[in-house]
Amino acid sequence: MKTRVGLRIDVDTLRGTRKGVPALLDLLARHQVRATFFFSVGPDNMGRHLWRLVRPAFLVKMFRTKAAGLYGWDILLKGTLCPGPVIGEKSPEPMCRAAKEGHEVGLHAWDHHRWQINVEKLDTAAVAREIRKGYELLEKIIGRAPDCFAAPAWKVTPQALSALEQFPFRFESNCRGTTPFYPVIDRRCYCHPQIPTTLPTYDELVGRQCTPENYNDHLLSLIQPGRFNVLTIHAEAEGIICLDLFDDFLSRAGQRKIGFAPLGEVYAGIPEIEISYMTQATAPGREGWISCQDVLSEPCAHLEELSR
Ligand SMILES: [Zn+2]
């Protein structure tokens, strides 16, 4: 039986959009793979984000993953001195190309940096304004409304989930977990299904459990038939410095009869979506908290009590 993996590609920066996305599109075409691209379309202030994190733990990670090589010095400095460039205005072509070539295209962020450091402080209206700006610009670029969303850094709050409900997204991919689910927080169930990322990312594994040399072996060993599998890669990593590594991964996955699909197709094939709690957790190798499907709690026993 063929094992299927949902492939999600996050694009956080101008450099990832300009350089990583075209390289990935060429690679995916060669392997006849389709994926879901989640684009950040507003100001690229990611340099601010990376410098803000200059703390001992982050420095260790910088050296471990050779961050300057992974992100590029232009990303590290972007937005630190002046407001970052609006990615969707500077470089809309790769977004159009992804849509034209049959990939699913969703919204990742207006301002990735702002979401990542601030989402806990934003109320529903402020998050909705942020999403609206990204939604409208991406719609203009690809000629149709984006119908899915993936939260930056796997961070959502109840306010953010309420804001997201104001948009006609078919599904969202805001967290880590094991199976698609409708999220419940504080006894409220949200109406957009979540397609969680199930596998760790490159920067979470390399330098801890893996070296670049044995990374693909390890990642392939984590993809199990009969399980729900979603892999997230980054245009800034797998599209640039890890491109050859990802090429090798796709070749070897093909030999093992592992197929890839956009998240919307994986989601469409699920007969029934369960309801799970969503909580905050930490992931090894990742800074700060992330949203996570709570697989340890009992699934909601009193559905009738939940307001939707
Ligand atoms: Zn991101």
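Just follow the structure's listing: the first ligand is 1, and inside any ligand the first atom is 1. Scope of the values below: all heavy atoms of this structure, side chains included, with no hydrogens, waters or symmetry mates.
Nearby protein atoms of type N, O or S around the Zn ion (ligand 1) amount to 3 (distance under 2.8 Å).
A donor-acceptor contact shorter than 3.5 Å links the side chain of R34 to the backbone of G102.
R30 has a carboxylate O that lies under 4.0 Å from a charged side-chain N of D247, or vice versa, which qualifies the two as a salt bridge.
Residue pairs meeting the salt bridge (charged side-chain N to carboxylate O under 4.0 Å, His left out) criterion with at least one member in residues 90-116, sequence neighbours excluded: D26-R97, R97-E101, E104-R170, R114-E130.
I142 and V21 fall within the same hydrophobic cluster, defined by Ile, Leu, Val, Met, Phe, Trp and Tyr side-chain heavy atoms under 4.5 Å apart, directly or through other members.
Taking the six-membered ring where tryptophan is involved, the planes of H108 and H112 are perpendicular, since the angle between them exceeds 60° and thus also 30°.
The distance from atom SG of C189 to atom CE of M278, rounded to the nearest 0.5 Å, is 10.5 Å.
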